[in-house]
Amino acid sequence: MQLKVQYYALMREQAGRSEEMLETAAATPADLYVELTSRYRFTLTREQLKVAVNSEFSDWSRRLAAGDAVVFIPPVAGG
Amino acid sequence: MQLKVQYYALMREQAGRSEEMLETAAATPADLYVELTSRYRFTLTREQLKVAVNSEFSDWSRRLAAGDAVVFIPPVAGG
Amino acid sequence: MRFRFTSTAIDTAQARRQLLDQGAGGYVSFEGWVRDFNEGQEVTRLEYEAFQELAVKEGERIVAEALQRFPVRQALCIHRIGNLDLSDMAVWVGVSAVHRGEAFDACRHIIDEVKHRVPIWKKEHYRSGDSGWVNCERCAAAPHHDSASHSMHK
Amino acid sequence: MRFRFTSTAIDTAQARRQLLDQGAGGYVSFEGWVRDFNEGQEVTRLEYEAFQELAVKEGERIVAEALQRFPVRQALCIHRIGNLDLSDMAVWVGVSAVHRGEAFDACRHIIDEVKHRVPIWKKEHYRSGDSGWVNCERCAAAPHHDSASHSMHK
């Protein structure tokens, strides 16, 4: 299944890219984060993140579908 | 004893003047307000007012001295 | 000088520049605008009048108290006097602070105190043709209905 | 549109005009400024980055909630992104209301929620030469000290 993943802020720097198309067997955002953390050594734990799928906040256990756009959201700091 | 009295807002309109030099025997602002109310028929009661002498808030029982400037202060409404 | 009067439009951009501070992370400002409706009457314009000598002293005291009471950097209040139309700005308060919470608290404290303590009065002119000094007319209406000068007041 | 981003200086005069309302008697605005000091470090500049698609939706929700929750007339929030220097304005919130109390409450609510909920991040650059993503570095520092990409982060 192919997914689009976008990276922001610290995770963008750690992944070394701002987005990518990814071939993955991950069924949920939680699975996907485990997979990507082993690849990019993200320092943020899942408990520190939120996740968005197709530009809306999502559960970590949502079933991902081909073509979904996933964003892991580090602790925010606006203003 | 001569005093200067200044009038603002509703009291200026009721007195028909914004200030005057006044020859009076009033010993305190309280006495002076009784005297002026009988002359100008001010509608505000003393309980609704504050009083200033020489541009500082004052007690109603302060002893007035020749040359003092007295202002009766109607309920304020800034902003 | 942290409290002043102006008889022309309040220059908020210039006032804000007085509060700039590289250590400040938050800035809160309040503007009081002339509203078209007050206590059941359609308002068409306002007149503001102040006992300026005392008002400036009392205004300065209020801002100084706020600077003592809240950990803020800078604060300033400017009040307009004279004739104002609908939507005109009657008063402006600005506060800069390290953290935003204190800027909100201090700004609100200053405008609340100014409205209660500073000798400023406003006369509202109504669409009906009536007019009245706010906070003075209603409470004063009862005791004397015989005064000729009352004809235009509510 | 009651929440938007800009990559150039926030035009507060233009934003304020959107909130003018003849029924409003009070107007409160908040500005977040780049401060020269944060958590023990001297800051020299900031970078703001946003997940704009979601951030705009969440920002709009926050302002809409405030308009429902508080009896205010108009409200608007604008957030800057990109590189900012000391004293630059990072975010602006404006609220007009019939009464000032509600304007203060709604303005504060909006900025508090924006800071907690909207996906925006800032990277601080320090006089020491270090830099760090606020709220991300400290909590992330413990688990992995082996990553090469950490060299410039605190």
Side-chain angles (χ1 to χ4, degrees), chain A residues 3-22 28-62 64-65 67-79, chain D residues 3 5 30-34 38 46-59 61-62 77 79-81 89-93 110-124 131-150 152-153:
Chain A
L3 299 175
K4 181 181 175 186
V5 186
Q6 290 167 284
Y7 304 102
Y8 290 94
L10 180 61
M11 295 180 69
R12 175 176 51 70
E13 292 181 349
Q14 292 179 342
R17 68 206 66 205
S18 59
E19 66 174 74
E20 63 186 330
M21 295 303 295
L22 206 71
T28 65
D31 294 346
L32 181 63
Y33 193 67
V34 171
E35 180 183 327
L36 291 171
T37 295
S38 75
R39 184 178 310 172
Y40 297 124
R41 312 195 65 101
F42 290 134
T43 51
L44 292 161
T45 66
R46 211 193 82 183
E47 291 65 36
Q48 297 172 317
L49 303 176
K50 292 184 177 178
V51 65
V53 177
N54 302 331
S55 299
E56 280 296 353
F57 289 111
S58 168
D59 285 339
W60 286 94
S61 57
R62 174 194 176 118
L64 292 171
D68 279 349
V70 180
V71 180
F72 299 105
I73 299 174
V76 305
Chain D
F3 182 95
F5 284 100
F30 170 79
E31 299 180 11
W33 294 347
V34 177
N38 196 31
L46 283 187
E47 284 172 65
Y48 279 93
E49 179 175 333
F51 172 18
Q52 288 201 40
E53 247 181 304
L54 178 53
V56 165
K57 285 186 201 173
E58 190 69 359
R61 278 192 286 259
I62 288 168
C77 178
H79 206 294
R80 179 96 179 262
I81 48 172
M89 194 190 314
V91 60
W92 176 91
V93 181
I110 291 169
I111 186 61
D112 286 349
E113 293 295 304
V114 165
K115 291 201 178 214
H116 282 111
R117 289 166 48 185
V118 178
I120 302 168
W121 302 274
K122 64 179 165 196
K123 185 175 190 171
E124 290 179 333
S131 63
W133 291 96
V134 175
N135 295 346
C136 290
E137 308 289 343
R138 204 173 321 264
C139 53
H144 300 273
H145 271 293
D146 47 354
S147 166
S149 70
H150 264 170
M152 61 180 299
H153 302 305

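No hydrogens, no waters, no symmetry mates; every other heavy atom, side chains included, goes into these values. Chain naming here is simple, since letters A, B, ... match the order of the sequence lines and numbering starts at 1 in each.
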- Honestly, the part of Arg80(D) sitting under 4.5 Å from a heavy atom of chain A is neither

- Note on the structure: Residue set satisfying side chain to side chain donor-acceptor pair (under 3.5 Å) with Trp33(D), at least two apart, ordered chain then number -> Glu31(D)

- Message: Report which part of Ala55(D) has an atom under 4.5 Å of a heavy atom belonging to chain A: side chain, backbone, both, or neither.
- Response: neither

- May I ask you to decide if Gly79(A)'s main-chain N or O and Lys122(D)'s side chain share a donor-acceptor pair within less than 3.5 Å? yes

- Query: Would you say the side chain of Ser55(A) lies within less than 4.5 Å of the side chain of Phe51(D), judging by non-hydrogen atoms?
  - Reply: yes

- Query: Which pair of heavy atoms, one from Val76(A) and one from Pro119(D), lies closest together, and at what distance?
  - Reply: CG1-CA, 3.6 Å

- Message: To the nearest 0.5 Å, what is the distance between SG on Cys136(D) and CD on Glu13(A)?
- Response: 10.0 Å

- Val118(D), part contacting chain A, at a heavy-atom distance under 4.5 Å: backbone

- Task: Can you tell which part of Glu47(D) gets under 4.5 Å to a heavy atom of chain A, answering side chain, backbone, both or neither?
- Result: neither

- Message: Quick check against the 3.5 Å criterion: does Trp121(D) have a side-chain atom that pairs as donor or acceptor with the backbone of Pro74(A)?
- Response: yes

- Query: Just how far is it from atom CG of Leu44(A) to atom CG of Asn135(D), taken to the nearest 0.5 Å?
  - Reply: 10.5 Å

- Student check: side-chain heavy atoms of Arg12(A) and Trp133(D) closer than 4.5 Å: yes

- Message: Counting neighbours of CD on Glu49(D) that are heavy atoms of other residues, nucleotides or ligands and sit closer than 6.0 Å, is the number greater than 12?
- Response: yes

- Message: According to side-chain contact (heavy atoms from CB on, under 4.5 Å), who are the partners of Glu56(A), at least two apart in sequence or on a separate chain?
- Response: Leu54(D), Lys57(D), Arg61(D)

